[in-house]
Amino acid sequence: MRRLVETDFDSRDTVALARDLLGKHLVVERNGQMLATLITEVEAYDGPEDLACHASKGRTKRTETLFGPPGRWYVYLCYGIHELLNVVTGPCEYPAAILIRGLESVSGPGRLTRKLKIDRRFNGREASPDTGLWIEDRGTRFDDSIVEATPRIGVDYAGEDWANRLYRFVVSEKR
DNA sequence: TAAGTGATCTCT
DNA sequence: GAGATCACTTAA
């Protein structure tokens, strides 16, 4: 069992990092209770060129976190209702992140954060026991044969090239 | 299939 | 300040 730290996320290959996040555990600690759940669905948002990445519209107050150090949480409000959880990747000044869309026990990025009570207070904070939210490698490996790569959800506005890229990784239902 | 919901960003 | 947009969910 090993906790993932900043240097585990500093690669520029966010897509590969996203793929590797499958099988890791998202760990929440609250009131002395620890809950670890397998990550089964993710999406990569890779840099200023990626028109689906928030940072492609420039560096703003909201996207500041994406430009910061890797291994931190990027949490923002979507559609006025849902808080979405991402982990920042790439070196400082390179804006990229991985959206955690689904866990073994929860599917849907909005339901996930609601269930685990994750909100914007985590934005910009480190993924570590200090914040009560982090990621661990507990030895689970999903083989490529049960991992699907698909286009990302809800990003048609990003134009054909970016919308069609296989930046979403999901563990097949039947495994 | 469409409404709900509100922060964020652009334009005035 | 107004208006458009939006990495979703739920109910119908």
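Since the model is a prediction, treat every value here as computed from it, not as a measurement.
The phosphate of C/dA7 has neither OP1 nor OP2 within less than 4.0 Å of any side-chain N or O from A/Tyr167.
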Detail all sub-3.5 Å separations between protein N/O atoms and N/O atoms belonging to nucleotides 2-6 of chain B.
{"residue": "B/dT5", "atom": "O2", "partner": "A/Tyr79", "partner atom": "O", "Å": "2.4"}
{"residue": "B/dG6", "atom": "O4'", "partner": "A/Gly80", "partner atom": "O", "Å": "3.4"}
{"residue": "B/dG6", "atom": "N2", "partner": "A/Gly80", "partner atom": "N", "Å": "3.2"}
{"residue": "B/dG6", "atom": "N3", "partner": "A/Gly80", "partner atom": "N", "Å": "3.4"}

Write down the protein N/O and nucleotide N/O pairs, taken from nucleotides 9-12 of chain B, whose separation is under 3.5 Å; answer none if there are no such pairs.
{"residue": "B/dC9", "atom": "OP1", "partner": "A/Thr60", "partner atom": "OG1", "Å": "2.2"}

Scan nucleotides 10-12 of chain C against the protein and return all N/O pairs shorter than 3.5 Å with their distances rounded to 0.1 Å.
{"residue": "C/dT10", "atom": "OP1", "partner": "A/Arg114", "partner atom": "NH2", "Å": "3.2"}

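Residues satisfying the side chain to side chain donor-acceptor pair (under 3.5 Å) test with A/Arg12, not counting sequence neighbours, are none. With sequence neighbours excluded, the residues forming a salt bridge (Lys or Arg N to Asp or Glu O under 4.0 Å) with A/Asp8 are A/Arg2, listed by chain and number. For A/Tyr76, there are no side chain to side chain donor-acceptor pair (under 3.5 Å) partners at least two apart in sequence or on another chain. Applying the side chain to side chain donor-acceptor pair (under 3.5 Å) rule to A/Asp137 yields the partners A/Arg141; only residues at least two apart in sequence or on another chain are considered.
With respect to A/Glu43, the salt bridge (Lys or Arg N to Asp or Glu O under 4.0 Å) criterion is satisfied by exactly one of A/Arg165, A/Arg19, A/Arg152, A/Arg101: A/Arg101.
Residues from residues 18-27 of chain A lying near DNA chain B, meaning a heavy-atom separation below 4.0 Å, are absent. For the segment residues 42-52 of chain A, residues with any heavy atom less than 4.0 angstrom from an atom of DNA chain C are, sorted by number, A/Tyr45, A/Ala52. DNA chain C lies under 4.0 Å from at least one heavy atom of each of the following residues of residues 92-103 of chain A: A/Leu99, A/Arg101.
Base-pairing analysis of DNA chain B finds the following stems of at least three consecutive Watson-Crick or G-U pairs, with both pairing distances under 3.5 Å: B:1-4 with C:8-11, B:6-11 with C:1-6.
Sorted pairs that involve residues 86-134 of chain A and meet ring pair (Phe, Tyr, Trp, His ring centres under 6.0 Å), not counting sequence neighbours, are lacking altogether.
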